[in-house]
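One structure is given below, encoded as structure tokens.
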Amino acid sequence: MAMEALCAYRGLLRATRKTFKGDTLMLKESAAEVRKKFEDNRHVTSDAEIRRLLDEARQASDFISTMIVQAKLNSRGGYEVKPAKEHAGATLEIPSEEVLKKSV
């Protein structure tokens, strides 16, 4: 199961790197959060609990890859969202300009 955990960990990091490409803060924070979650559960020994956690990690990776699209600031001062083919079928929820400005 150690190899499965490593694959799940790497998968999550890959998903965050792709989704947050170019956003240094989100890359740093998401990598720290992934590491923290895995470290917090390092001492879990129950096979059932480990399986549940691995499944949760795979679901998180899928969610990050298919449900999150970052808006990019354009030259006109607005934000653009360009979903990729992996986002097909996802519900698009665009945050308001006020929410976006607070996050900067």
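Distance check, rounded to the nearest 0.5 Å: NZ of Lys36 to CD of Glu33 gives 6.5 Å. Atoms CG and CD, from Asp23 and Glu29 in turn, are 10.0 Å apart once rounded to the nearest 0.5 Å. To the nearest 0.5 Å, atoms NZ (Lys18) and OG (Ser61) are separated by 10.5 Å. Rounding to the nearest 0.5 Å places SG of Cys7 at 8.0 Å from CZ of Arg14. Atom-to-atom distance recorded for Asp55:CG and Gln59:CD is 4.5 Å, nearest 0.5 angstrom.
Around atom CZ of Arg35, no more than 12 heavy atoms belonging to other residues, nucleotides or ligands sit under 6.0 Å away.
When all heavy atoms of Ser65 and Thr19 are compared, the closest pair comes out as CA-OG1, 4.1 Å. Contact between Ile64 and Ala15 at its shortest, heavy atoms only, is CG2-O, 3.7 Å. Among all heavy-atom pairs drawn from Ile68 and Phe20, the shortest one is CG2-CE2, 4.1 Å. A pairwise comparison of heavy atoms in Ala5 and Leu54 identifies CA-CD2, 3.5 Å as the closest pair.
No donor-acceptor distance shorter than 3.5 angstrom exists from the side chain of Thr16 to the backbone of Ser30, with no hydrogens or angles considered.
There is no path of hydrophobic side-chain contacts, each under 4.5 Å, that joins Val34 to Ile50. Cluster membership for Leu53 and Phe63, using ILVMFWY side-chain heavy atoms within less than 4.5 angstrom, is not shared.
Between Met1 and Asp47 the shortest side-chain heavy-atom distance falls below 4.5 Å.
Take Phe38 and apply the ring-ring contact (aromatic ring centres under 6.0 Å, His included) test, not counting sequence neighbours, and it matches Tyr9.
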